[in-house]
Amino acid sequence: MKKVWQECIECHSTYYADIIKYRCDCGGLLEVRMDLESLGDVSWDKFRSRKFNVWRYFELLPFEGYNRVVSLDEGGTPLYKCEKLADWLGARDLYVKYEGMNPTGSFKDRGMCIGITKALKLGAKGVACASTGNTAASLAAYSAKAGIPCIVMVPKQAVALGKLFQAMLYGAKVVRLEGTFDEALNLVWKVAEEVGAYLLNSINPWRLEGQKTVAFETVDQLGRVPGYVALPVGNCGNIAAAWKGFREMEAVGLINERPSMVGIQSEGASPFVDLVKEGLATLKPVEKPSTIASAIRIGRPVNWKKALLAVKESDGLVAKVSDNEIIEAQRMLASLEGIGVEPAAAASVAGVKKLIESGDMDANDTIVCICTGSMLKDPSPELIKGLESIDVMPNPELVRNLFAYLLSRRS
Ligand code: AN7
């Protein structure tokens with residue numbers, strides 16, 4: 001039997017695994033912990049004999065039996081070596097872990113399979129989340145698969161169309177709030193507890209148990225530990241989850257090195273980067289976060305203490321990037337490598353470029369950018385602006401001349 005419990009990251013109080021709790025009595029964030037001795041045999045050989053998805057690493061996931069899990073075959077995403085992108089940003093050995101290849105097009109699916117499995121196990125009558133879009137889309141899909149009611153709340157006017165469409169099509173009850181994501185999370189959290197819906201934002205520590213598998217896969221695919229792992233940061237859950245994955249691999253002897261975790265935010269929504277850079281004692285929320293990367297338009301990240309530990313313990317780095325830098329990175333990633341990501345996901349690449357230019361990041365080390373979501377999520381006019389297409393009449397001569405001209409052009 002695996003020994004699994006929940007533990008406060010601050011006062012280390014412990015709680016049973018099957019108690020619904022989103023914070024410790026002291027107010028601290030909770031983490032899922034496992035007695036590593038109780039996990040059974042763990043080895044790369046054993047893992048690699050299984051299908052490449054989240055569940056390949058079953059021993060390191062906090063469940064006992066595999067037969068009752070809710071899954072859409074999440075994880076198992078590509079790790080691309082990007083030589084042209086590396087030249088562009090001045091790196092020597094650069095990889096992109098493309099999380100847009102998950103079932104709903106973002107990394108959230110890694111966490112939702114675990115979160116929904118947990119919800120069923122706890123007998124929840126429904127699930128809920130606040131979301132900048134991807135969490136909503138993912139929760140909606142996994143709720144559909146599990147046959148459990150789902151309510152998602154999104155900030156009105158601030159969610160990419162693709163994500164909103166996903167949530168509605170998968171059959172979630174979509175509630176649009178006249179307010180920010182941070183206000184939505186506050187409200188949903190409070191109300192969900194009152195009405196008995198299970199909250200599946202990243203404050204829920206079970207979700208991060210699924211998200212930590214991005215670390216396992218990265219090492220599995222690369223065959224070694226990279227020097228840096230760069231991620232976009234919003235609510236601060238994913239960087240903490242990935243770091244937990246590396247720590248656990250080290251603890252069970254699967255690796256004996258650690259990467260530096262690199263957290264990237266947008267200039268208009270950078271409370272976490274400012275916290276680290278300015279060495280503040282506590283997070284200073286951004287009341288009106290603004291950035292083209294709507295996924296990470298978050299001013300009051302709930303998991304900042306976990307993310308801070310990740311950056312500190314890993315000797316990590318942070319950077320903030322402008323909307324223009326994000327758009328530029330998105331376009332370079334797509335046009336040089338054929339990898340289409342949404343703006344938030346491109347932030348990791350833009351941030352790495354910046355950190356190499358400033359000399360803070362060692363350009364000779366191996367760098368992995370986690371690109372968290374697909375470009376298809378967000379076809380906003382402001383992202384299409386400046387990209388070219390040509391209209392033509394159905395005249396063969398005209399089309400021939402046009403094609404000949406286009407082939408003669410270098411770019
Ligand atoms: C593409 O969907 O918060 O730092 O509600 O969609 O763990 O929050 C999305 C976050 C990065 C940031 N990249 O991760 C939501 C939501 C993409 C994202 C993040 C998000 P966290």
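Atoms considered below: every heavy atom in the structure, side chains included; atoms not considered: hydrogens, waters and symmetry mates. Both counts, for ligands and for their atoms, begin at 1 and track the order of listing. The model shown is predicted, which means the values in this text are computed figures rather than measured ones.
On a distance-only criterion, Gln211 and ligand 1 share no N/O pair closer than 3.5 Å.
In this structure, Cys236 is part of the shell of residues with a heavy atom less than 4.0 angstrom from ligand 1. Under a 4.0 angstrom heavy-atom cut-off, Pro232 registers as being in contact with ligand 1. Using a 4.0 angstrom heavy-atom cutoff, Gly133 counts as in contact with ligand 1.
In this structure, Trp243 and Phe246 have tilted ring planes: the angle between them lies in the 30° to 60° band. Ring geometry for Trp55 versus Phe63: interplanar angle under 30°, hence parallel rather than tilted (30 to 60°).
Of the protein's non-hydrogen atoms, Asn238 N, 2.7 Å is the one closest to atom 7 (O) of ligand 1. With hydrogens left out, the protein atom closest to atom 12 (C) of ligand 1 is Gly234 N, 3.4 Å, a heavy atom. Counting protein heavy atoms only, atom 8 (O) of ligand 1 is closest to Asn235 N, 2.7 Å. In terms of protein heavy atoms, atom 13 (N) of ligand 1 is closest to Thr372 OG1, 2.7 Å. The protein atom (non-hydrogen) at minimum distance from atom 10 (C) of ligand 1 is Lys108 NZ, 3.1 Å. Summary of contacts: the protein heavy atom closest to atom 6 (O) of ligand 1 is Asn134 ND2, 2.7 Å. Counting only heavy atoms of the protein, atom 14 (O) of ligand 1 lies nearest to Phe107 CZ, 3.6 Å.
Looking at Ile298 against ligand 1, only its side chain comes within 4.0 Å, counting heavy atoms. Contact annotation for Ile296 and ligand 1: only side-chain heavy atoms (C-beta onward) come within less than 4.0 Å of the ligand. Contacts between Ser131 and ligand 1, counted as non-hydrogen atom pairs separated by less than 4.0 Å, involve both the backbone and the side chain.
Between the side chains of Tyr57 and Glu217, no donor N or O sits under 3.5 Å from an acceptor N or O. The closest side-chain donor-acceptor pair between Ser270 and Glu267, if any, does not fall under 3.5 angstrom.
Distances below 4.0 Å separate heavy atoms of Thr132 from the following atoms of ligand 1: 2 (O), 3 (O), 5 (O), 9 (C), 15 (C), 16 (C). Within ligand 1, the atoms closer than 4.0 Å to a non-hydrogen atom of Val233 are 4 (O), numbered from 1 in the order shown. Near Gly237, meaning under 4.0 Å from any of its heavy atoms, are these atoms of ligand 1: 4 (O), 7 (O), 21 (P). Within ligand 1, counting atoms from 1 as listed, the ones closer than 4.0 Å to a heavy atom of Glu342 are 1 (C).
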Please report the C-alpha distance between Asp274 and Lys320 in whole Å, then the side-chain angles of each, then the deciding distance to 0.1 Å, and finally whether the salt bridge (charged side-chain N to carboxylate O under 4.0 Å, His left out) criterion is met. CA-CA 9 Å; Asp274 295 341; Lys320 50 184 165 182; 2.7 Å; yes
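Shown are Gln6, Glu248, Glu7, His12; of these, the side-chain hydrogen bond (donor to acceptor under 3.5 Å, both in side chains) with Arg33 is made only by Glu7.
Phe272 has its side chain out of reach of Lys277: every pair of non-hydrogen atoms, C-beta onward, lies at least 4.5 Å apart.
Look at Asp73 and Lys51 and you find a salt bridge, because one of the NZ, NE, NH1 or NH2 atoms lies within 4.0 Å of a carboxylate O, short of that distance. Salt-bridge formation is not detected for the pair Arg258/Asp315: no Lys NZ or Arg NE/NH1/NH2 atom is positioned less than 4.0 Å from an Asp or Glu carboxylate oxygen.
Checked against side-chain contact (heavy atoms from CB on, under 4.5 Å), Lys145 has the following partners two or more places apart in sequence or in another chain: Val70, Leu72.
Pairs passing the salt bridge (charged side-chain N to carboxylate O under 4.0 Å, His left out) check and including a residue from residues 118-138, sequence neighbours excluded, read Asp18-Lys118, Asp18-Lys121.
Distances from atom 2 (O) of ligand 1 to the heavy atoms of Thr135, Ile239, Leu231 put Thr135 nearest.
Rounding to the nearest 0.5 Å gives a distance of 9.5 Å between CG of Asn303 and CG of Asn201.
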